[in-house]
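The basis for the numbers below is simple: all heavy atoms, side chains too, and nothing from hydrogens, waters or symmetry mates. As the structure is a prediction and not an experimental result, all values here were calculated from the model.
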Amino acid sequence: MTSYQADVVDPMLDAFWRSHPDIRIRVLNKNTNAAVDEVLAGNDRRFDLFWASAPEAFVVLDSAGRLADLGYGPYTDFALSAVGWAWRVPHDGPVPQEWNDLLDPTFAQGIAMSHPMRSGTMHSLLETILQDRGWQAGWAWILELGGQLNTISARSFGVLEGVESGDFDIGLTIDFLGLTHDGLAFRYGRPVILIPARIAALQGGTEPEAAKAFVDFVLSPEGQRILLRPDIRRIPVDPDIRAELLETLDPAVTAALNFSWSSYDPELAARRYWQVKQLFEAFVARDLILRRDLWRRLRALDDDAPAAERARIRRLLTWMPLTEHQARAAPADRGTLLEWSERSHTILRDAEARIRALEQQ
């Protein structure tokens, strides 16, 4: 069971079959969050392996006792990635150079992303921001980004397809999707924070020896070298194989490989796995149109509008009223989501009333 599409999976399967013709592999493509839910529910379909880019998903499954050790521990890293954004080339006009540029009014309603409840990649992107900036500053950036969004897609691939077709100007994505999509340019967000992609054996699987053979192959020099293919563009974990890629890597990625401060913390992401996704749903996705409109109206206010009141409205639109501790202490159920959604809506209505008062002056 994997979140990867066929263009990533098939080259690895074809090479594996050549050396293991007696082993047949059945593959189910499923988004990371749905896959985690299925495994947590008991892995009734007896999948042997889980293969995905969001490392925190593996920590969640390990904590629940759903992973099996085939000799590498409960899971093993096989590649590295980082997040950023893509745009169509040629492109008229400016393109974002850093994360804060995405908040420029130039890009208002021109940015697309997928929902972190459907995309492990986008959950990792939110965590990249939160881990780099801290809880409150990270959420302030995410909430302001909400005012820039054109749409929140159900699928990671839908974002890049929309950029390619001209529906959106900018698509938030992970490097191996942006770099391998024809007609698109990709830029890493700085600082580059490298995210380990993983593979793991599942409890309830029926072919542990075959599963181990596949993991062994993915980690072998032959399997790692497949990641270098221009239609895959993954960063291998094997340093010797990775050395063959260094000349073509973005310098910021090379720097990230050499410094420990650029590492991603999957354990931290796993501890707040449910909360980060649900906070995004409650504070961004559910009132996306209203939040987007309020940012537009705030920016359109005349310069004569009192600066202090405009600053107060801006604080409301970038305020996450829950600390990380409060979020993690809340029950992980629908009642909590509804309560958070109501808090978000109340804040937005307060901001709307203040904007309306300024508009009527």
Side-chain angles (χ1 to χ4, degrees), residues 2-12 29-34 52-54 79 81-99 101-126 128-129 142 145-190 192 195 197 226-235 245 248-250 252-253 280 284-285 288-289 292:
T2 180
S3 63
Y4 297 129
Q5 298 291 329
D7 53 355
V8 174
V9 174
D10 288 352
M12 197 71 74
N29 175 264
K30 198 167 190 178
N31 77 62
T32 301
N33 299 295
S53 289
S81 294
V83 291
W85 52 90
W87 63 93
R88 188 169 61 166
V89 289
H91 179 80
D92 295 329
V95 294
Q97 299 298 305
E98 58 181 64
W99 289 115
D101 288 349
L102 293 168
L103 307 183
D104 191 294
T106 302
F107 306 110
Q109 297 194 42
I111 300 173
M113 66 181 292
S114 49
H115 200 302
M117 292 176 71
R118 302 273 306 191
S119 166
T121 293
M122 280 302 102
H123 183 261
S124 295
L125 185 145
L126 295 186
T128 293
I129 297 296
I142 293 166
L145 177 72
Q148 301 284 87
L149 294 178
N150 178 293
T151 192
I152 299 173
S153 169
R155 298 169 53 248
S156 296
F157 282 84
V159 170
L160 296 185
E161 289 167 357
V163 173
E164 188 176 33
S165 66
D167 293 339
F168 327 121
D169 295 325
I170 304 293
L172 302 185
T173 189
I174 199 165
D175 53 6
F176 69 91
L177 293 180
L179 290 168
T180 58
H181 212 94
D182 291 340
L184 300 185
F186 173 82
R187 185 171 181 83
Y188 286 99
R190 269 65 167 180
V192 172
I195 304 169
I226 290 172
L227 301 177
L228 304 180
R229 286 175 40 153
D231 57 340
I232 297 181
R233 297 290 292 272
R234 304 304 300 266
I235 304 171
L245 185 67
T248 62
L249 281 177
D250 185 301
V253 175
F280 183 90
V284 179
L288 176 64
I289 294 175
R292 190 171 63 193

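- Put simply, the residue from S124, S114, S153 that forms a side chain to side chain contact (heavy atoms under 4.5 Å, CB included) with S119 is S114.
- Not a single donor-acceptor pair under 3.5 Å links the side chain of D104 to the backbone N or O of D101.
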request  = Decide yes or no on side chain to side chain contact (heavy atoms under 4.5 Å, CB included) for T2 and V8, but give the supporting numbers first.
outcome  = CA-CA 10 Å; T2 180; V8 174; over 6 Å; no
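- Between the Q148 side chain and the L102 main chain, a donor and an acceptor come within less than 3.5 Å of each other.
- The shortest non-hydrogen separation linking A86 to V163 is O-CG1, 4.1 Å.
- Distance check: R234 CZ to L228 CG gives 12.0 Å after rounding to the nearest 0.5 Å.
- Taking both residues in full, the closest heavy atoms of N33 and G120 are given as ND2-N, 3.9 Å, listed atom of the first, atom of the second, then distance.
- I142 places a side-chain heavy atom less than 4.5 Å from the side chain of V284.
- A52 and T32 get closest at one heavy-atom pair: CB-OG1, 4.0 Å.
- In this structure, L149 CG and I289 CD1 are separated by 12.0 Å, a value rounded to the nearest 0.5 Å.
- Checked by atom type and distance alone, the side chain of W87 never pairs as donor or acceptor with a backbone atom of V95 at under 3.5 Å.
- Here the shortest heavy-atom pairing between N150 and D167 reads ND2-O, 4.0 Å.
- Taking CD1 from I170 and CZ from F107, the interatomic distance works out to 5.5 Å, rounded to the nearest 0.5 Å.
- Y188 is listed as a side-chain neighbour of L179, based on a closest heavy-atom distance under 4.5 Å.
- Looking at heavy atoms from C-beta onward, L103 lies in side-chain contact with L145 at the 4.5 angstrom threshold.
- Here L160 contributes atom CG and R88 contributes atom CZ; the two are 13.0 Å apart, rounded to the nearest 0.5 Å.
- Annotation: the span from F176 atom CZ to I232 atom CD1 amounts to 10.5 Å, rounded to 0.5 Å.
- Across all non-hydrogen atoms, the minimal contact from T106 to P94 is CG2-CG, 3.9 Å.
- For N29, the side-chain contact (heavy atoms from CB on, under 4.5 Å) test picks out Q5, with sequence neighbours left out.
- More than 12 heavy atoms of other residues, nucleotides or ligands shown are found within 6.0 angstrom of CZ on R187.
- Atom CE of M122 and atom CE of M117 lie 15.5 Å apart (nearest 0.5 Å).
- Remark: D250 engages R190 in a salt bridge, criterion side-chain N to carboxylate O under 4.0 Å.
- A donor-acceptor contact shorter than 3.5 Å is absent between the side chain of D175 and the backbone of S81.
- The closest side-chain heavy-atom distance from I152 to F280 is below 4.5 Å.
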message = Under the criterion side chain to side chain contact (heavy atoms under 4.5 Å, CB included), I'd like the reasoning laid out for L227 against M12: C-alpha separation, chi angles, the key distance, then a yes or no.
response = CA-CA 9 Å; L227 301 177; M12 197 71 74; 3.9 Å; yes
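- Partners of S53 by side-chain hydrogen bond (donor to acceptor under 3.5 Å, both in side chains), not counting sequence neighbours, listed by chain and number: Y4.
- The side-chain heavy atoms of I111 and L172, taken from C-beta on, include a pair separated by under 4.5 Å.
- The heavy-atom pair separating H115 from A285 by the smallest distance is NE2-CB, 3.6 Å.
- T173 is not listed as a side-chain neighbour of V159, based on a closest heavy-atom distance of 4.5 Å or more.
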